[in-house]
Amino acid sequence: MTVKLVYFAWLRERFGMGEEQIDLPVTVKTISDLFDWFETRGEEFEAVMEHRKIIQVAIDQEHVQDQATLIGDAKEIAIFPPMTGG
Amino acid sequence: MTVKLVYFAWLRERFGMGEEQIDLPVTVKTISDLFDWFETRGEEFEAVMEHRKIIQVAIDQEHVQDQATLIGDAKEIAIFPPMTGG
Amino acid sequence: MSIKPDIRIQQEDFDINAEIKKLTQGRTDVGAVVTFSGLCRGEGDTLSALELEHYPGMAEAEIIRIAEQGIERFGLLGISAIHRYGKIEPGENIVLVIATSPHRQASFDGANFLMDFLKTRAPFWKKEHLATGKEGDWVDAKDADDDALHKWEE
Amino acid sequence: MSIKPDIRIQQEDFDINAEIKKLTQGRTDVGAVVTFSGLCRGEGDTLSALELEHYPGMAEAEIIRIAEQGIERFGLLGISAIHRYGKIEPGENIVLVIATSPHRQASFDGANFLMDFLKTRAPFWKKEHLATGKEGDWVDAKDADDDALHKWEE
């Protein structure tokens with residue numbers, strides 16, 4: 001399944017890109033699975049994933065609280081630090 | 001003792017004047033005494049004094065809550081309905 | 001107290017942008033600005049105007065006194081209030097309050113506090129002029145406005 | 001819901017007078033207007049700018065969602081929000097929220113509610129640029145901002 005991953009703020013800086021189109025491994029069913037897989041993608045991904053508990057996610061622009069949420073047939077998954085608007 | 005009495009809103013209208021200079025009778029020592037004396041000043045004053053419980057007073061531009069307050073050597077006593085600012 | 005409230009009672013309308021600028025220009029410590037403006041409502045087109053009467057001298061003094069309490073209580077960086085008098089038509093401004101502070105809650109509280117006290121403690125009175133051309137009644141004080149003061153009891 | 005929030009994410013500054021006018025002109029049912037503007041602070045001259053990043057599309061959608069809750073909950077007559085992005089210097093505006101209603105408390109609550117949610121639920125992030133010329137850190141989310149949401153629990 002091809003999905004667009006979007007990164008913001010210091011995640012974007014650490015990953016060195018704002019977005020990527022990715023074929024997710026079939027084992028990746030939840031956000032938590034996605035983060036597990038991120039940990040296998042090299043040093044920078046591993047380092048960012050040390051903060052995985054506080055990292056926020058939006059699936060198709062809808063904020064997702066629970067990292068056990070299924071990715072389903074999402075088109076766009078955004079990954080970002082806690083928001084600091086206003 | 002000469003004092004300036006100042007009236008606002010419907011009190012001003014009912015009394016037909018915005019202010020007057022008055023020699024208060026020596027028996028008028030408190031705001032309550034002043035209101036008793038008002039009741040002797042004719043029909044309009046008597047009619048207004050039917051609302052004496054809710055009528056507000058400022059002595060020398062300081063709001064006074066208790067009608068037992070002494071008038072002392074006040075220069076200006078303002079008498080008005082509850083305020084409706086804002 | 002080094003911060004002086006800027007309080008004006010005037011017939012003319014006010015310019016909110018200009019008043020905000022007075023409290024913020026040339027400084028970088030203000031993080032939050034809250035303005036409240038109160039307008040004359042038409043009450044379903046029954047009203048042609050409100051006429052505002054005030055007690056000159058005491059009106060300014062009372063608002064300054066309350067504004068100084070607000071500065072102290074909420075740690076405001078600035079506070080202004082402009083209250084108009086005279087005849088004001090539906091849709092027109094009656095009153096403006098502005099509070100500034102480093103963080104947002106103090107400004108919200110400061111402006112809200114000043115408005116609640118202004119409603120019941122500043123010597124202003126409103127008379128209705130009706131759309132029929134007749135003079136209406138003097139606006140009664142509202143219990144709800146007295147009740148609003150309770151939220152500021154410590 | 002017939003009242004539509006007016007929500008914009010833009011680089012340019014905003015004009016508070018003009019935004020108020022959009023919500024009040026030609027109507028006589030609005031009695032209260034509350035504006036909140038949030039400005040970039042200089043943090044004792046240590047900061048040269050904040051750089052604001054946002055998630056286009058989701059930012060607008062989230063603010064509209066929260067604003068619609070505010071209209072419903074407080075009975076607002078109108079609500080607007082403008083959030084800027086890009087590089088913003090100390091003393092400049094970052095965000096504007098306006099709420100209108102017949103009576104004052106609803107406008108105060110509406111603007112306060114929207115700001116509290118905007119702080120923690122709208123996808124914006126701030127990076128500091130230091131007065132030394134260096135890039136600073138990304139601003140951390142504050143517990144106080146999460147705590148501020150509790151006052152809206154019913």
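Proteins come first, then strands; the chains are lettered A, B, ... in the order of their sequence lines, and each starts at number 1.
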How long is the straight-line distance from OG1 of A:T84 back to CD of D:E53, given to the nearest 0.5 Å? 10.0 Å
Measure the spacing between NE2 of A:H63 and CZ of D:R65 and express it to the nearest 0.5 Å. 9.5 Å
Might you point out which heavy atoms bring [X] and [Y] nearest each other, and give the distance in Å?
X      : Y      : value
A:A58  : D:Y55  : CB-CE1, 4.3 Å
A:M83  : D:A141 : O-CB, 4.2 Å
D:E135 : A:E13  : OE1-OE2, 4.3 Å

Identify which part of [X] has an atom lying under 4.5 Å from any heavy atom of chain A, answering side chain, backbone, both or neither.
X      : answer
D:D145 : neither
D:K127 : side chain
D:L118 : both
D:A61  : neither

Is it true that atom [atom1] of [X] has more than 12 heavy atoms of other residues, nucleotides or ligands lying nearer than 6.0 Å?
X      : atom1 : answer
D:K22  : NZ    : yes
A:E43  : CD    : no
A:E62  : CD    : no
D:K21  : NZ    : no
D:D137 : CG    : no

Chain D contact via A:Q56 - which portion, at a heavy-atom distance below 4.5 Å: neither
Kindly assign one of parallel, tilted or perpendicular to the pair D:W125 and A:F8, based on the angle between their ring planes and the thresholds 30° and 60°.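 Ring orientation, 0 to 90° scale: parallel.
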